[in-house]
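Being a predicted model, the structure only gives us computed values, none of them experimental.
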Protein chains: 2
Amino acid sequence: MRSTDQIMHKAAWLYYMHGLRQDEVAKQLNISRASIATYLRRAREIGIVNISTSTQLFSDDVLARKLEDALSLETVWIVPEDRLAIDPAAEMPVVAAAVFLELINKGDRIGVAWGRTVYHLADVMPYADLQGVTVVQLCGNLGAPYNYRPDQCTTEIGRRLNAEGINLYAPLVLSSERLASDLRNEPVIREQLASIADCQLVLYSVGGIESDSHLVRCGALTPEEMQALGEGGAGGVIAGQVIDHEGRWLDCPHNRRCISADLEIIKTIPKRMMVVEEDSKFQPLVAAIKGGFVSHLVVTHSMAMRLLARWEAEGPQRS
Amino acid sequence: MRSTDQIMHKAAWLYYMHGLRQDEVAKQLNISRASIATYLRRAREIGIVNISTSTQLFSDDVLARKLEDALSLETVWIVPEDRLAIDPAAEMPVVAAAVFLELINKGDRIGVAWGRTVYHLADVMPYADLQGVTVVQLCGNLGAPYNYRPDQCTTEIGRRLNAEGINLYAPLVLSSERLASDLRNEPVIREQLASIADCQLVLYSVGGIESDSHLVRCGALTPEEMQALGEGGAGGVIAGQVIDHEGRWLDCPHNRRCISADLEIIKTIPKRMMVVEEDSKFQPLVAAIKGGFVSHLVVTHSMAMRLLARWEAEGPQRS
DNA sequence: ATAGGTCTTTGACTTTTGTCAGCGTTCGTG
DNA sequence: CACGAACGCTGACAAAAGTCAAAGACCTAT
């Protein structure tokens, strides 16, 4: 521990735990108050000092309760689109990050998937000093048409949480099923994929199956392939893999060429947190919920309304 | 949820999560900034906003490492007596409370014993919003020569943590062994005592066996009885029960008349946190450690030195 | 040894936050 | 229905915290 870290810890302790004023802390430690202010800011940034707010505000809502009952979900958080936020679009990741942090227990192993949403979340994730937490990458890597790759998501979240980040050093999609199968059986990879079963929590969003969806933009699939999948019954994308409208793994060339977490294993993880930003992902979200991929859900108010209407109208059984 | 609570939550969210200034929050919510300040203070007091500081400062110390190794403890926190604190005597409970909070996981069941130390700790325990935590009372109740009874400790800690507090509605000591035995077998009591085995964490201090010790002052034992116990091999007191110098339950009239947690069960609890304030409790602490009652220890610097010297000189085997 | 870089520290200044008396509103009670 | 108590809100002032340029410390490579 560097001596400056030591001072930072002491300052943080005296200020936040003892409730001293900055000038009092300064006097105690014999340095100027300006320095104390700097140390305190750093302590907050690094996560030595943790300021967290209950996300109850977003969960405490009749609509949330109704959704939980209707869709058999553990907890639902609803983000209002109207007032309350400076930038309504930026609110969702902030809420999701806070919820995510609240769901983590010390010592947990956490699976993190990939996508625009997950990256946004990582981007606003508060710094914290969680002990013994491990963040594992759920799906293989992919080149970067945007500036965020799967491993970067894992790494960034791990960094902010002061947790260990475990990356999956394999491509998300391979050119042949044979190669994918062989790679999955490589001890290193197989072991890591199997270890996903030990997770207590997973974080993901669901992907759409439009021709401009994430998988297509990243080059994992051509627009034509995606369209064919759509016609072949694809309903959404979870951790890089295509599911049908009932949330079942779709037996298609893409999926067979994919290196990613086993969807059946994912379903057995106790807390499955899904975040959906875009209203356009309604159908994929329905598929994911039906498939049992969701236990904790963060959605917009309008999405919540649509989900509830859908379930009340048709029930969970019909597609 | 009251409407004012709703506002408080919103204010806390905008201020702490979005980092808005108080006047910006005030503008958003259309109330005066002064009110915002009030709401924020309440939110902190109630535990909606949680500000916690890592206790690493006290654990990050060569002496602490040495003690852990020598005494086979999980973690040791050392409270310096000299500088750093406004009031050195008040530092110990504050550190202990922070450590305690850090050891708690969501959903935990926590056993809390009784004593001056535990009460001090409860007194400075920060407010927090832990979910699903249960605080159970480890030992029976006793009249109040001081103004804190066992059940008050449990209740207060539970209140501050927003946790459920479960009290043990039985006296700590009864006048006859027969009655104690019968009472222990009462379904309500037996069930509760058995449920202590489900705890993930216990908090206690160790009592001395002097004639002015806690048990004596509370009237549970006469000075003469205590002296007799001392001559009969008593080494300390854990959760109201007397242990010998090796940390074994002492087969004595007092213990047989006692309604309290089974010491053998306590030893099986994963995290056993002991806090010792007074330097005079050296011998009892040694007994408690030998008995396996301690996995996490908070002590003063001088006590740490004495413990280390004792272990280096004689090893754990000799008394 | 010293020049050049980075990282700390500080004092002075600005901005933000805490506080409190007084006013208004609501709600329970006689 | 009127009264008082309790609570919430506000404006104005006092206190505390944030910021920044400049000075100083410290390291390193020539």
Side-chain angles (χ1 to χ4, degrees), chain A residues 1-54 56-57 60 83-87 90 94 124 126-128 159 162, chain B residues 1-54 56-57 60 83-87 90 94 124 126-128 159 162:
Chain A
M1 183 187 251
R2 294 210 320 280
S3 116
T4 136
D5 283 4
Q6 182 87 4
I7 296 179
M8 185 175 61
H9 270 94
K10 284 189 188 176
W13 180 262
L14 290 172
Y15 187 77
Y16 286 105
M17 298 308 283
H18 282 275
L20 299 196
R21 276 179 278 110
Q22 293 191 355
D23 55 342
E24 296 179 295
V25 177
K27 207 166 60 187
Q28 284 271 331
L29 302 182
N30 269 316
I31 43 183
S32 81
R33 199 191 53 73
S35 296
I36 298 295
T38 311
Y39 282 128
L40 292 179
R41 179 160 36 73
R42 273 215 303 241
R44 285 189 302 263
E45 283 168 359
I46 294 179
I48 286 172
V49 172
N50 231 339
I51 303 183
S52 61
T53 311
S54 161
Q56 192 186 346
L57 171 60
D60 196 5
R83 72 232 130 76
L84 178 55
I86 297 297
D87 177 4
V94 176
V124 296
Y127 288 79
R159 190 175 73 82
N162 261 302
Chain B
M1 185 188 250
R2 294 211 318 281
S3 115
T4 136
D5 284 3
Q6 181 88 5
I7 296 179
M8 185 176 62
H9 270 93
K10 284 188 189 176
W13 180 263
L14 290 172
Y15 186 77
Y16 286 106
M17 298 308 283
H18 282 276
L20 299 195
R21 275 179 279 110
Q22 293 190 356
D23 55 343
E24 296 179 296
V25 177
K27 208 167 59 185
Q28 285 271 329
L29 302 182
N30 269 317
I31 44 182
S32 81
R33 200 193 52 71
S35 296
I36 298 296
T38 310
Y39 283 128
L40 292 179
R41 179 160 37 74
R42 272 216 305 242
R44 285 189 302 263
E45 283 167 1
I46 295 179
I48 286 172
V49 172
N50 234 338
I51 302 183
S52 60
T53 310
S54 162
Q56 193 187 344
L57 171 60
D60 197 5
R83 73 233 129 76
L84 178 56
I86 297 299
D87 176 5
V94 176
V124 298
Y127 287 80
R159 190 175 73 81
N162 261 300

Mind calculating the distance between [atom1] ([X]) and [atom2] ([N]) to the nearest angstrom?
{"X": "A:Q22", "N": "C:dG11", "atom1": "CD", "atom2": "P", "value": "15 Å"}
{"X": "A:L40", "N": "D:dG18", "atom1": "CG", "atom2": "P", "value": "7 Å"}
{"X": "A:I31", "N": "C:dC7", "atom1": "CD1", "atom2": "P", "value": "19 Å"}
{"X": "B:R21", "N": "D:dA17", "atom1": "CZ", "atom2": "P", "value": "17 Å"}
{"X": "A:I51", "N": "D:dA17", "atom1": "CD1", "atom2": "P", "value": "13 Å"}
{"X": "B:E45", "N": "C:dG18", "atom1": "CD", "atom2": "P", "value": "12 Å"}
{"X": "A:L20", "N": "D:dA17", "atom1": "CG", "atom2": "P", "value": "10 Å"}
{"X": "A:D23", "N": "D:dG18", "atom1": "CG", "atom2": "P", "value": "12 Å"}

Between [X] and [N], is there a side-chain N or O to OP1/OP2 distance below 4.0 Å?
{"X": "B:R41", "N": "C:dT19", "answer": "yes"}
{"X": "B:S32", "N": "D:dC9", "answer": "no"}
{"X": "A:R44", "N": "D:dG18", "answer": "yes"}
{"X": "B:Y39", "N": "D:dC9", "answer": "yes"}

Test log, rule side chain to side chain contact (heavy atoms under 4.5 Å, CB included), inputs B:L29 and B:I7: CA-CA 8 Å; B:L29 302 182; B:I7 296 179; 4.3 Å; yes
When you get a sec, tell me which of C:dT8, D:dG18, C:dT19 is the closest nucleotide to the side chain of B:A34?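 Per side-chain heavy atoms of B:A34, the pick is C:dT19.
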Test log, rule side chain to side chain donor-acceptor pair (under 3.5 Å), inputs B:Y127 and B:R44: CA-CA 8 Å; B:Y127 287 80; B:R44 285 189 302 263; over 6 Å; no
Test item: B:Y39 and B:V25 side chains (from C-beta on) under 4.5 Å apart, heavy atoms: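 When only atoms from C-beta onward are counted, B:V25 and B:Y39 do not touch, as no gap falls below 4.5 Å.
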Taking side chain as C-beta onward, heavy atoms only, is A:Y16 less than 4.5 Å from A:L40?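 Yes - at least one pair of side-chain heavy atoms lies under 4.5 Å apart.
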How is A:I36 classified with respect to the nucleic acid when contacts are heavy atoms under 4.0 Å: base, sugar-phosphate, or nothing?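 It contacts nothing in the nucleic acid.
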Is there a donor and acceptor pair closer than 3.5 Å between the side chain of A:R33 and the base of D:dG18?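 Donor-acceptor pair under 3.5 Å: yes.
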After noting the C-alpha distance and the side-chain angles of B:N50 and A:N50, does the key distance pass the side chain to side chain contact (heavy atoms under 4.5 Å, CB included) rule? CA-CA 7 Å; B:N50 234 338; A:N50 231 339; over 6 Å; no
